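Beneath this line is the structure, given in structure tokens, with notes to follow.
Predicted model only: the values in this text are computed from it and were never measured. Below, chain A is the first sequence line, B the second, and so on; all start at residue 1.
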Protein chains: 2
Amino acid sequence: MVAAQQAKRRAGRPPSAVLGPAHITKAALKLIEQDGYKGLTMSALARRLGVAPSALYNHVASKADVLLLVEDHLMAGVDVSGFGAEPWDEAVRRWAWSYRNVFARHTPLINVIAVLPVTNAPQTVTMYEAVTAGFLDAGWPQERIIDAIVALESFIFGSAFDVTAPEDIFDTGTLAADNPLFSAAVRSRSIRNSASPGSGSAAGSSSSSSSSSSSSDSAFRLGLEALISGLRASLDPVEAKPAV
Amino acid sequence: MVAAQQAKRRAGRPPSAVLGPAHITKAALKLIEQDGYKGLTMSALARRLGVAPSALYNHVASKADVLLLVEDHLMAGVDVSGFGAEPWDEAVRRWAWSYRNVFARHTPLINVIAVLPVTNAPQTVTMYEAVTAGFLDAGWPQERIIDAIVALESFIFGSAFDVTAPEDIFDTGTLAADNPLFSAAVRSRSIRNSASPGSGSAAGSSSSSSSSSSSSDSAFRLGLEALISGLRASLDPVEAKPAV
DNA sequence: ACCTGAACACCGTTCAAGT
DNA sequence: ACCTGAACACCGTTCAAGT
């Protein structure tokens, strides 16, 4: 809506700056929402902003820069409100579910996040700061917190991909005869999922998709609960060991 | 080396088929090894095989098809030898480490794997069959096995991305002042990593990078051990519960 | 059936020229 | 400083023509 119909601009510096990081981020998000990441091209982005494609390069160095802008914006939507307010495991649950849900629709960003330094992503660092505070409160030793966060994040990113997978991804087709055990396991899983449509019981998905427990949700729940209990157990050692 | 210098071929069907899935896979792997995934283009692939780019489309429907070919080939390199021969947790460890190590250098494939059906990936299904057998042997109920595999796989894929990240990815730069807790945790982690170069103690990385415990290795170890112990604990319930 | 060669509809990015 | 417009060096894919 910004520059829908606008008097054609001549070359040369405009009286006031037309573009900015906030405008670019907003326009990119709109494009992604409409057509997915295949719709996010520098041309389409420029068109939506009412400028020539080359004008974008006065504000970003590359398309990867645009993706970083979007990523950092999304990080502000990850729910860290549990840290400092709830028990550690409950706060981690809330954080992990919202983190996965945000990036499930933005999996093309994961390549970028996992590789780019956080130096130019202030919202991202703010998110990490809140998580770190929560871990310190729960008694985690400083030097192990980053490993724990990275481990949880790796699980979350991988699980975000899983959300986008089709339900029949494990259909073995003609390979079923040669692989009976796996095929049977796949079958019994899908039966279970279709049988219990709304099994909202113990491990909840706080502030996330309330009902419709899909396959990816049940796998995420199983892994997250295992990670949480396993990480907690690694905190209080049963016997004194030489430091690792 | 296949068609390095070859007499120029005229149009029309050649006397014997020049291409095939095996040739294409091999050539693609060579290109990836040399120049990474940015070097894997249909043009480069065709050049290496001594044909015109359009000739490839007689054997694959798209570039995604080529990636599936490569993925399935790599799956044969994942070590499932522990299942049926070792205790469950040891077999999972061996499998998980080799799985991560294989795909750490092939992260662009993860988008494909996570979304494409396994119907046309026989090696992949064979891998899953071996893993399923190992879980059944360990007493896992059939209908929960796929969730457990998916959870482990999600962690593995996410961790594969982490391997490719630069060591200084968490450097907060000018943001350090506003985020002291996170910055301190990052600092103490890197000190620990540089201090203990070869801390090969308890949780081993069977058949993987023997020494040089990098940051990504320590995070992977922490998460994997937590997942294994957490999943094991979820197997034998302390008290009887209504089925979930 | 399986190849060549030309063409199509795109990409991201650069750069001189303009104000 | 910040825009336009043209150009560059690519992509993946299609298709008629050939044997």
Between [options], which nucleotide has the shortest distance from any of its atoms to the side chain of [X]?
X: B:M42; options: D:dG12, D:dC3, C:dG12; result: D:dG12
X: B:N58; options: C:dT14, C:dC3, D:dG12; result: C:dC3
X: A:R9; options: C:dT13, D:dT14, D:dT4; result: D:dT4
X: A:S54; options: D:dG5, C:dG12, D:dT14; result: D:dG5

Exercise. Any chance the side chains of A:S216 and A:S214 put a donor and an acceptor closer than 3.5 Å?
Worked result: yes
For this session: Could you verify whether a donor N or O on one side chain and an acceptor N or O on the other, from B:T119 and A:D171, lie under 3.5 Å apart?
Result: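 Note: B:T119 and A:D171 side chains miss the donor-acceptor criterion.
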Exercise. If you find the nucleotide of DNA chain C closest to A:K38 and the one closest to A:A55, which residue's nucleotide is nearer the 5' end?
Worked result: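 Comparing both residues, the 5'-ward one is A:K38.
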Let me know the distance between [atom1] of [X] and [atom2] of [N], rounded to the nearest Å.
X: B:L56; N: D:dT14; atom1: CG; atom2: P; result: 13 Å
X: A:K63; N: D:dC10; atom1: NZ; atom2: P; result: 19 Å
X: A:L45; N: C:dG12; atom1: CG; atom2: C1'; result: 12 Å
X: B:Y57; N: D:dA16; atom1: OH; atom2: P; result: 17 Å
X: B:L49; N: C:dC3; atom1: CG; atom2: P; result: 10 Å
X: B:R47; N: D:dC10; atom1: CZ; atom2: C1'; result: 12 Å

Exercise. Would you say C:dA1 has OP1 or OP2 under 4.0 Å from some side-chain N or O of B:H59?
Worked result: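 No, no such contact exists.
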For this session: Would you mind listing every ring pair (Phe, Tyr, Trp, His ring centres under 6.0 Å) that reaches into residues 27-50 of chain B, with sequence neighbours excluded?
Result: B:Y37-B:H106
Exercise. Using 30° and 60° as the class limits, which term best fits the ring planes of A:Y128 and B:F170: parallel, tilted or perpendicular?
Worked result: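 Rings of A:Y128 and B:F170: perpendicular, over 60°.
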For this session: May I ask you to say whether B:D162 pairs ionically with B:R100, meaning some side-chain N is under 4.0 Å from a carboxylate O?
Result: no
Problem set entry | Pair A:K30 + A:D35: basic N to acidic O under 4.0 Å | no
Problem set entry | No-H, no-angle donor-acceptor pair, A:T41 side chain to C:dG12 base, under 3.5 Å | no
Problem set entry | By ring pair (Phe, Tyr, Trp, His ring centres under 6.0 Å) - contacts of A:F103 (at least two apart) |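 For A:F103, the residues satisfying ring pair (Phe, Tyr, Trp, His ring centres under 6.0 Å) (neighbours in sequence not counted) are A:Y99.
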Exercise. Just the dot-bracket of DNA chain D, please: which string comes out with Watson-Crick or G-U pairs under 3.5 Å, [ ] for crossing, | for another strand?
Worked result: ||.|||||...|||||.||
